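Inspection log for the structure reproduced underneath, given as structure tokens.
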Amino acid sequence: MTSEHERSNRDFWDADADNYQVVHGDQLARGQVWGVWGIPEADVGALGKVAGLDVLEYGCGAAAWAIALEAEGARVVALDQSRGQLRHAARNAVTACASVSLLCAAGESVPLRDESFDLVFCDHGAMSFCDPARSVPEIARVLRSGGRLVFNKATLLYYLCWNSTKRKQSRRLQSPYFDQRVFDFDEGTTDFQLPYGDWIRLFAAHGLVVVDLVELRPPVDASTTYTEFVPYEWARNWPAEEIWSVRKR
Ligand SMILES: C[S@@+](CC[C@H](N)C(=O)[O-])C[C@H]1O[C@@H](n2cnc3c(N)ncnc32)[C@H](O)[C@@H]1O
């Protein structure tokens, strides 16, 4: 059953999809670029080789990543709960002559078989907007033994330094580290975070072992279409985004 925060997040993305693609579509269309600063996977190496793998993109938006990975030889299912976003994904797939399977479904109850994927991944996708207590077991269920979950999201530090009165990123902590799991974020979404130890214990409880945590730093002179997300100077000094990589035993 779709949860209340999933419904409100779906409403947000349905309403925002067209504008989001106008503003960010060109940056995303570069394909296989991570996060706000569009850092190439070739430089990060978080996914590695995907040819021959069954891959699930978990909150695909317009499916730029999914289309690029299919071109590398992966069999990709691109899941998103927003029909507005999936309309763009369908258009992009036709333009690229890609046979990515698009699936309209909510991340906290994935209508896919147990142990059917080698890799589940997202870039600021459903892992940022689902309750981890529900998303992590779902992903552990659909992963094969030895399969990986790789996801990029904003850091907890980023949220803790968000000044909601001034509506901008600050250099000071604005909220306590402990206790807050749900952030009703300024742009209109409900986002989830956990303290680091809680992530590791939650993964372990579902048979997932942390392999790596890459804190993204924009390269010198990087630019972005996500100008409202974080100032360049902030992201050069503190990690605003992080890519988790975990493996199922
Ligand atoms: C910031 S976009 C990221 C998508 C893509 N990586 C991009 O950069 O455009 C977040 C996506 O996650 C999707 N999403 C949010 N919550 C979700 C959920 N519970 N289940 C499935 N998709 C969800 C949204 O609909 C949206 O398309």
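Read the numbers this way: they start at 1 and go in the same order the structure lists the ligands and their atoms. Just so it is clear, the model here is predicted, and its values are computed rather than measured.
- Counting non-hydrogen atoms of other residues, nucleotides and ligands closer than 6.0 Å to CZ of Arg87 gives a total of 12 or fewer.
- Side chain to side chain, Gln174 and Ser170 meet the donor-acceptor criterion of an N or O pair below 3.5 Å.
- What you find for Leu202 and Ala133 is that their closest heavy atoms are CD2-N, 4.2 Å.
- Counting heavy atoms under 4.0 Å from ligand 1, residue Ala105 touches it through the backbone alone.
- Geometrically, ligand 1 and Gln21 share no nitrogen or oxygen pair separated by less than 3.5 Å.
- Tyr159 places no side-chain N or O within 3.5 Å of a backbone atom of Ala154 that could act as its donor or acceptor partner.
- Below 4.0 Å from some heavy atom of Gly107 lie the following atoms of ligand 1, by number and element: 18 (C), 19 (N), 20 (N), 21 (C).
- Residue Gly59 approaches ligand 1 through these ligand atoms, each under 4.0 Å from one of its heavy atoms: 4 (C), 12 (O), 22 (N).
- The backbone and the side chain of Gln81 each have at least one atom closer than 4.0 Å to an atom of ligand 1 (non-hydrogen atoms only).
- Residue Cys130 has at least one heavy-atom neighbour below 4.0 Å for each of these atoms of ligand 1: 18 (C), 19 (N).
- Every atom of ligand 1 with a heavy atom of Gln85 under 4.0 Å away is listed here by number and element: 26 (C), 27 (O).
- With ligand atoms numbered from 1 in the order given, ligand 1 contributes 21 (C) to contacts under 4.0 Å with heavy atoms of Leu79.
- The N/O atoms of Asp80, backbone and side chain alike, include one that comes under 3.5 Å of an N/O atom in ligand 1.
- Residue Asp123 has at least one N or O atom closer than 3.5 Å to an N or O atom of ligand 1.
- Contacts of Ser128 with ligand 1, taken as heavy-atom pairs under 4.0 Å, are absent altogether.
- Although no hydrogens or angles enter the test, the distance criterion places no donor-acceptor pair under 3.5 Å between the side chain of Glu41 and the main chain of Trp34.
- Annotation for Asp179: atom CG does not count as buried by contact number, only 12 or fewer foreign heavy atoms lying within 6.0 Å.
- Contact detail for Gln32 and Ala68: the closest heavy-atom pair is CG-CB, 3.6 Å.
- Contact annotation: His124 has at least one heavy atom less than 4.0 Å from an atom of ligand 1.
- Close approach of ligand 1 to Gly61 is summarised as follows: ligand atoms under 4.0 Å from at least one heavy atom of the residue are 4 (C), 27 (O).
- In terms of polar-atom proximity, Asn9 is not counted as a contact of ligand 1, lacking any N or O under 3.5 Å from an N or O of the ligand.
- Judged by the shortest distance from any of its heavy atoms, Cys60 lies inside the 4.0 Å radius around the atoms of ligand 1.
- Ligand 1 has Tyr20 within reach: a non-hydrogen atom of the residue lies less than 4.0 Å from it.
- Residue Ser82 approaches ligand 1 through these ligand atoms, each under 4.0 Å from one of its heavy atoms: 25 (O).
- Under the 3.5 Å distance criterion, the side-chain polar atoms of Gln169 are matched with a main-chain donor or acceptor of Tyr158.
- Side-chain polar atoms of Glu242 and Thr155 form no donor-acceptor pair below 3.5 angstrom.
- Those atoms of ligand 1 with a heavy atom of Ala106 less than 4.0 angstrom away are 20 (N).
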